[in-house]
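In each ligand, atom 1 is the first atom listed, and ligand 1 is the first ligand listed.
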Amino acid sequence: MTIKARAKINLALDVTGKRNDGYHDMRMVMQTLELYDEVTLEKKLQTGLTLRTNLSWLPTNEKNLVYKAVQLLMEQYGIQDGISVYLKKTIPVGAGLAGGSSDCAAALKGMRELFSLPMTDEELYATGATLGSDVPFCLMGGTALAWGRGEKLQPLTPHPSVYVVLAKPPVSVSTGAVFSKLRLDAIEARPDIDAMTASIERQEPSGIAAHFCNVLETVTEHDHPLITKLKESLLESGALGALMTGSGPTVFGYFLEEEQGLCAINRIKEKYPQVSELFLTKIYPYKGCT
Ligand code: C5P
């Protein structure tokens, strides 16, 4: 069984407070993209769990959220069969695109189906939330308002169709480190989430892009000025708006025409040859992982 695990972007990301459990309270607008990894689950003759991936340097043990998800359900439901998992990565890793969380969500859904587990959607979401704050959204997909740690979700009107260029600077960013550097009292610009959701309702890509805002951007941009340069380059290429997703470092830009998106990618390739992870994808308006 093969399941598509799609990337996400944050159109708006606000951090409203620090909690006692070490996490932060958030308010976000999340959107699924067409870009996907593939998670293939198979029953095998030998007992135990094996994970293989197309990226030799990715962990294939408990450090990988896919492994953790499958192992958790095997234990929870006393599954004795052997399971082999193959993870085909396309979404950049450590990028702010929730690739790992989406792979995890796909593994949970796949396990429920492969073993006909008696799990309700609510139980699946709750299990997902124990594995990562973005996993519940990755299970749901589409366009959503998220709050709490990011696990509380309300579906929104599906986002209108646009092309999305993704550019990942060649740096790695730790989500935990970005949050710990964030000074809540120093945040100057916060997203107007009501205006963003109203633009989504009206199906106005330019209105949505006009309200792009991510309070984590200042922290990551400060450490990696290439993020600012990439946003400028996307805007010079005619993007309706450009923003960093999640804790970064990936930057995205909205384009109405595919040709414009391709030109934007070529411009980045010429000016910033160190940026090798570049994608032209689209909004994926549908709910669900597949
Ligand atoms: O939930 P997840 O494991 O993806 O979170 C990674 C790290 O990001 C957490 O350990 C925490 O430091 C930070 N985080 C946070 N508040 C959130 C989500 C994540 O502080 N709502």
Please write down residue, atom name and distance for the protein heavy atom closest to atom 13 (C) of ligand 1.
-> Phe179 CD1, 3.4 Å

Do Leu11 and Met196 come close enough that some side-chain heavy atom pair is under 4.5 Å?
-> yes

Ligand 1 versus Tyr23: contacting region, heavy-atom distance under 4.0 Å | both

Between the candidates Ala129, Ala177, Ser133, Ser174, which shows the shortest non-hydrogen contact distance to atom 2 (P) of ligand 1?
-> Ser133

Identify whether the distance between the nearest side-chain nitrogen and carboxylate oxygen of Glu258 and Lys282 falls below 4.0 Å.
-> no

Atom 8 (O) of ligand 1: the protein heavy-atom neighbour that sits closest, reported with distance to 0.1 Å | Thr175 CG2, 3.3 Å

Check each atom of ligand 1 against the heavy atoms of His24 and keep those under 4.0 Å away; list them by number with element.
-> 15 (C), 16 (N), 17 (C), 20 (O), 21 (N)

Please determine, by modelled atom types, if Thr40 and Thr2 share a side-chain donor-acceptor pair under 3.5 angstrom.
-> yes

Quick note on ligand 1: atoms under 4.0 Å from a heavy atom of Gly22 include exactly 20 (O)

Taking the side chain as every heavy atom from C-beta outward, state whether Met244 and Glu221 have any atom pair closer than 4.5 Å.
-> no

Do Phe179 and Tyr23 make the cut of ring centroids closer than 6.0 angstrom?
-> no

Report, in ascending order of atom number, the atoms of ligand 1 lying under 4.0 Å from any heavy atom of Met26.
-> 21 (N)

Give the atoms of ligand 1, by number and element, whose distance to some non-hydrogen atom of Gly176 is under 4.0 Å.
-> 12 (O)

Would you mind reporting whether Ile200 and Val29 have side-chain heavy atoms less than 4.5 Å apart?
-> yes

